[in-house]
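Notes follow once the structure below has been shown.
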Amino acid sequence: MARRVVAVKNGAGIGAAILVAVLVLAALLAVMSRAETGAGLLRSDWAAVRFTVWQAVLSSVISTLLAIPVARALARRRFAGRALLVTLLGAPFILPVIVAVLGLLTVFGRSGWLNQLLGLAGVPEVSIYGLHGVVLAHVFFNLPLATRLILQGWQSIPAERFRLAAQLRLGPRGIFLTLEWPLLRQVVPGVAALIFVICLTSFAVALTLGGGPKATTLELAIYQAFLFDFDLSRAALLSLVQLVLAGGAALAALWIIPAISLGGGQDRTLQRWDARGGLQRAGDGAVITLAALFLLLPLAAVLLRGVAGLPQVPAAVWQAAGLSVFVAVISVLTLCLLALPMAGWIATRQRGGVEAIGLLGLSASPLMIGTGWFILINPVMNPSDLALPVTALVNAMMALPFALRILVPRLRDTLADFGRLSVSLGLQGWPLWRWVILPRLRGQLGFAAGLTGALSVGDLGVIALFADQDRTTLPLQMYRLMGAYRMEAAAGAALILLALALGIFWICDRGGRWHAES
Amino acid sequence: MLRVEQAKIALGDFSLAADMALEQGQRYAVIGPSGAGKSTLLGALCGFVPLQSGRILWQGRDISQDNPGQRPMTMLFQDNNLFPHLTVQQNVGLGLRPDLRLSGAEQAKVLDALRRVGLADHSAKRPAALSGGQQSRAALARVLVQARPLVLLDEPFAALGPALRNEMLDLVAELVAETGAALIMVTHAPEDVRRIADQVVFVAEGRAEAPQPAAALMDNPPPALRAYLG
């Protein structure tokens, strides 16, 4: 078509992309310099590799399979509170892992609600630790994500198809074969791949619910080699294995991972003429109730215990909360500085592999990056002095792929609609961002910033490598309280952390939509 | 004077040749069948569509390689002529300074232009709060402050009803008469041609014909034009 009207300059975007690549590659090189090639992997390391892959497979398959009936039920039923439930499906995404773990422990733990119920019925108690617990927590986080992505697909089926199906008097089997199966075949592999990749690099869940020779993920093994044995060469070797595994999986999955639109699935419910039988109705009702309970009970547990535990919270928790907010703010600012120019660059290109650079931050494990930077910083200065900036930076990089997927489509639309007008008015550089792009992107930027802030404030990862007693974030402080069996205080801290994560998300997201007009 | 010398545009299978001179103070209507390349011709003049060969000269200077913002012309598109998130005043102000740092004199100029098109009371509103006709007026106010020697219209009033469209065309005619600019407008409607055009550029079969006096041409059209007018 017409000459590409490039109003956005690419320099800053390319610079940001190079910076991200350099941050990851420098860590990788540092790690490689320490990894002793002759050492090879121990038997326990191979066990960690096997466990990492196996729990990710289980988590991904179970989450996706369970999500199909839930999405199907939500797609074809209308009931009071449906919109609220669909909104809540987005909540685990910004829920700090350690908070969710506490909620899950309260419901499914040794003396939790479920076991008390089972005890009354005389059934032997179930254990939440080990493989069960890790997979349970991953399903808790990813079932809602999978449900929303599949629901989005379901709602992309045009209304006319359902009208046609009703005219042809297709039964449940007919509807499944003509409408649902083609959709599922298209959507489900991408959803499963996404969850698999997310679970490969899971750290906090394995730290709290896994452990021991039978339930150690690679990420956890890196942490243990680093912290308990202070064996940098083994940590480095494990980091390399993790990079190959997670990076390879992420690259392979890049082509089938669906677009991430967390706002999806809310707009409308189609008028449906199928599945009106009593049995199907009851089935859908049961599925929705179970899913809602699975999602809401742990959250309710956090609230109940947290309120009770709040008075027991030590002063150190409040101090850690302050540092966590600081880290989150730095993280959000860093993300904006990286993501906006990169999005500008990506949006002016046709399509392509630039987004892969964003994905680098996700596939390269945070602990690998942390280990690498620890090795680089250690000879020069005390790494714990840089604990907070490094944490903020790594958090921003973790959020980068999500932020790019949120920002780029809107930026593309903006340039398609207003690129020619901007060029003809001579708008470029900062005025273009100031008067055109940023105002058009406000909502998306607020949402991306909210996600980043919430992920960052709740992240328990790199900080665990760097922190000392004085510089602790709230998730780490909470983990220490749990480790000391001060569960009431930990529950109080969990409530504060939950409020911070939701609050930061809400402020950013609202800020983006405040007085917004399109 | 704008000279188009042996210009050739090629986009895939489509090609268009043009060779013409456009004079100051004249009003040109560009007509022709759908898909013949009317918008493409305007895009090429404005710098959005590259020339495969030939050149465009303004007052004897070659501007073929200039960016759209540097050319002596201002164009109104079919849609998206206003930024929806900016006020009417800001939208008009962008015509003077892309960074919107307007001096007092420039502010006054913006307000004058808004008064001229009858939008003095609407300067703080956003485009969504205006009617279709008022939105067109706001875009014309920006054309007025830009005060470039050539004004190009790519059917910006197509979505308006007939009465409103005539009103806008009359306003455009007045504005270009005041500034002495040349007007080059794409249109589908023969009555628009009769209403305001002095000259007609007929685009068909891969060629943009040199301009011919409107009245004579419309009264006695050559076969290709007659086939188009029906």
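A note on names: the letters A, B, ... follow the listed sequences, proteins ahead of strands, and every chain is numbered from 1. Everything quoted here is computed from the prediction, not taken from an experiment.
Within a 6.0 Å radius of CD in B/E174, other residues, nucleotides and ligands contribute more than 12 heavy atoms. The number of heavy atoms from other shown groups lying within 6.0 Å of CZ (B/F14) is above 12. Atom CD of B/Q52 is surrounded by more than 12 heavy atoms from other residues, nucleotides or ligands within 6.0 Å.
Residues from residues 134-146 of chain B that place a non-hydrogen atom less than 4.5 Å from a non-hydrogen atom of chain A comprise B/R142, B/Q146, given in numerical order.
Remark: B/F77 pairs with B/F48 by the ring-ring contact (aromatic ring centres under 6.0 Å, His included) rule, at least two apart or across chains. Not counting sequence neighbours, B/Q24 has no partner by the side chain to side chain donor-acceptor pair (under 3.5 Å) test. Annotation: salt bridge (charged side-chain N to carboxylate O under 4.0 Å, His left out) contacts of B/D99 (sequence neighbours excluded): B/R97.
Here B/L100 is the residue among B/N81, B/L100, B/L86, B/D79 with the most heavy-atom pairs under 4.5 Å with chain A.
Residue B/I9 does not touch chain A at all, counting heavy-atom pairs closer than 4.5 Å.
Ring orientation note: the planes of A/F418 and B/H85 are nearly perpendicular, at an angle over 60° on the 30°/60° scale.
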